[in-house]
Amino acid sequence: MQTALIILIALILIYIIRRELHRNFTEKSFISIVNHTFRTPLTRIKWMSETLTQDISRKEQLDIASSLSNASNRLLEIVDILAGVKDIYSRASYDLKAVSIREMLEDAVQKHRIHLTEKNIKLSMPTLINMPLLTVDTKKISFVINALIENAIWYSKDGGNITINSEIKNGDLILAIEDDGIGLNWKDRMNLFKRFYRGDSAKKMNTDGMGLALYISKEIVRRHHGDIYAKSKGKNKGAIFYISLPVS
């Protein structure tokens, strides 16, 4: 009896220690990621603002103004991601209404048009015809769509291809966003939607990522009674991200 009690106490202590270590690691990771992610655009804004005070040409001023706008937009995106962590758990924060997913996709593509052009990526949407209206939270599902398209762009090589397809299957609308980029290994597929997770290849191609967008997307889709998942044949063989949402 005494031995069993000692074992039980030991197991409880191990659990508490592991929980605290995990919590501390998560907090430290969050602080480190946020610090790095905010510091990069803020440093650029500071440097460009100081440059504007110098004697530079009109063209240089316009180029800096454009860069300032991009850096500011990046900060707003980061704020949206961090705010999303809080909002996704609140049922009251979901404003459901019938919307056109096709329009949301077209808006998202237009938003990333500059980045597509910069990397010479061809994006096509061959099957987005007669898509039904879905009852969703427009802002939150837009976040998910933007996150997946942005990922496809980030992790595709210059001159790559992105294809967005759709189909109705078993009462669900399934969107498939396919790229021919860096792909996913088995570790990525196991951990992709976990908070703060970023694969080694992803870190090399995008040093400013926080590992939160896919985690938030998973929670948002789940609260719409849908599913989100990814498939890949391996490293450098591209990936397909699927969003499944009920039509009714």
Side-chain angles (χ1 to χ4, degrees), residues 29 33 37 77 80-81 84-85 88 101-102 104-105 108-109 111-112 115-116 119 121-128 131 134 136-137 140-247:
S29 298
I33 291 167
T37 308
E77 289 171 2
D80 283 344
I81 291 173
V85 175
I88 58 175
I101 296 295
R102 178 175 179 174
M104 294 168 68
L105 282 164
V109 171
K111 176 182 178 181
H112 296 288
H115 299 122
L116 289 166
K119 296 189 69 174
I121 294 173
K122 180 182 177 182
L123 188 149
S124 59
M125 298 188 288
T127 61
L128 302 189
M131 293 177 66
L134 298 187
V136 299
D137 183 299
K140 288 182 173 60
I141 293 299
S142 290
F143 175 91
V144 175
I145 291 171
N146 274 285
L148 296 188
I149 291 177
E150 185 177 55
N151 270 9
I153 295 170
W154 267 116
Y155 304 123
S156 290
K157 297 176 182 178
D158 290 0
N161 295 278
I162 297 173
T163 305
I164 303 176
N165 282 308
S166 68
E167 66 172 326
I168 304 295
K169 187 175 182 179
N170 298 327
D172 292 334
L173 171 67
I174 300 174
L175 295 176
I177 300 175
E178 181 176 3
D179 65 69
D180 53 8
I182 62 175
L184 305 167
N185 59 30
W186 67 269
K187 183 181 177 183
D188 294 333
R189 293 195 294 272
M190 291 291 291
N191 298 285
L192 196 60
F193 295 97
K194 292 182 179 178
R195 185 166 48 178
F196 301 133
Y197 178 79
R198 302 195 69 226
D200 294 334
S201 298
K203 290 177 184 176
K204 291 177 183 177
M205 291 196 73
N206 177 18
T207 59
D208 292 337
M210 291 191 292
L212 284 172
L214 290 180
Y215 165 75
I216 294 172
S217 297
K218 181 80 172 180
E219 294 298 319
I220 288 173
V221 173
R222 189 166 69 85
R223 280 165 172 73
H224 281 82
H225 307 290
D227 194 14
I228 180 171
Y229 52 97
K231 293 182 180 180
S232 174
K233 294 181 179 179
K235 187 176 180 180
N236 295 320
K237 294 183 179 180
I240 308 175
F241 281 79
Y242 295 92
I243 309 172
S244 175
L245 293 166
V247 173

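Fair warning: this is a prediction, and the values are worked out from it, not measured in the lab. No hydrogens, no waters, no symmetry mates; every other heavy atom, side chains included, goes into these values.
Note that CD1 of Ile177 is 10.5 Å distant from CG of Asn165, once rounded to the nearest 0.5 Å. With rounding to the nearest 0.5 Å, the separation of CG in Leu134 from CZ in Arg102 is 14.0 Å. Between the CD1 atom of Ile220 and the OH atom of Tyr215 there is a distance of 11.0 Å, given to the nearest 0.5 Å. The distance from atom CG of Leu214 to atom CG of Asn151, rounded to the nearest 0.5 Å, is 5.0 Å. Between the OG atom of Ser232 and the CG atom of Asp179 there is a distance of 8.5 Å, given to the nearest 0.5 Å. Distance check: Ile240 CD1 to Leu175 CG gives 13.0 Å after rounding to the nearest 0.5 Å.
Here the closest non-hydrogen pair linking Val221 and Ser244 is CG1-O, 4.0 Å. The minimum heavy-atom distance between Ala213 and Phe143, with the atom names listed, is O-CE2, 3.8 Å.
Between the side chain of Lys119 and the main chain of Gly160, no donor-acceptor pair closer than 3.5 Å is present. With Asp180 contributing its side chain and Asn161 its backbone, the two residues share a donor-acceptor pair below 3.5 Å. The backbone N or O of Ile141 lies less than 3.5 Å from no partner atom in the side chain of His224, so there is not a single donor-acceptor pair. Side-chain N or O atoms of Thr163 include none that pairs as donor or acceptor with a backbone N or O of Ser124 at under 3.5 Å. Between the side chain of Arg189 and the backbone N or O of Leu184 there is at least one donor-acceptor pair closer than 3.5 Å.
The salt bridge (Lys or Arg N to Asp or Glu O under 4.0 Å) pairs that include a residue from residues 221-232 are Lys218-Asp227, Glu219-Arg222, Glu219-Arg223, where partners are two or more places apart or lie in different chains.
Annotation: Asn170, atom CG; neighbour count of heavy atoms from other residues, nucleotides and ligands within 6.0 Å does not exceed 12.
Contact check for Ile162 versus Glu178: no side-chain heavy atoms found under the 4.5 Å cut-off. Taking 4.5 Å as the limit, every side-chain heavy atom of Ile168 sits out of range of all side-chain heavy atoms of Asp172. Residues Ile228 and Tyr242 form no side-chain contact, since every pair of their non-hydrogen atoms from C-beta on lies 4.5 Å or further apart.
Taking the six-membered ring where the residue is Trp, Phe193 and Phe241 present perpendicular rings, their angle passing 60° and hence far from 30°.
Residues satisfying the side-chain hydrogen bond (donor to acceptor under 3.5 Å, both in side chains) criterion with Asn191, sequence neighbours excluded, are Lys194.
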Evaluate Ile243 against Ile174 for side-chain contact (heavy atoms from CB on, under 4.5 Å), listing each step before the verdict. CA-CA 6 Å; Ile243 309 172; Ile174 300 174; over 6 Å; no
Decide side-chain contact (heavy atoms from CB on, under 4.5 Å) for Asn185 and Asp188; before the verdict, give the C-alpha distance in whole Å, the side-chain angles of both, and the deciding distance to 0.1 Å. CA-CA 5 Å; Asn185 59 30; Asp188 294 333; 3.1 Å; yes
Step-by-step side-chain contact (heavy atoms from CB on, under 4.5 Å) determination, Lys235 to Ile182: CA-CA 6 Å; Lys235 187 176 180 180; Ile182 62 175; over 6 Å; no
Assess whether side-chain contact (heavy atoms from CB on, under 4.5 Å) is satisfied between Lys157 and Asn236, documenting all intermediate values. CA-CA 10 Å; Lys157 297 176 182 178; Asn236 295 320; 4.1 Å; yes
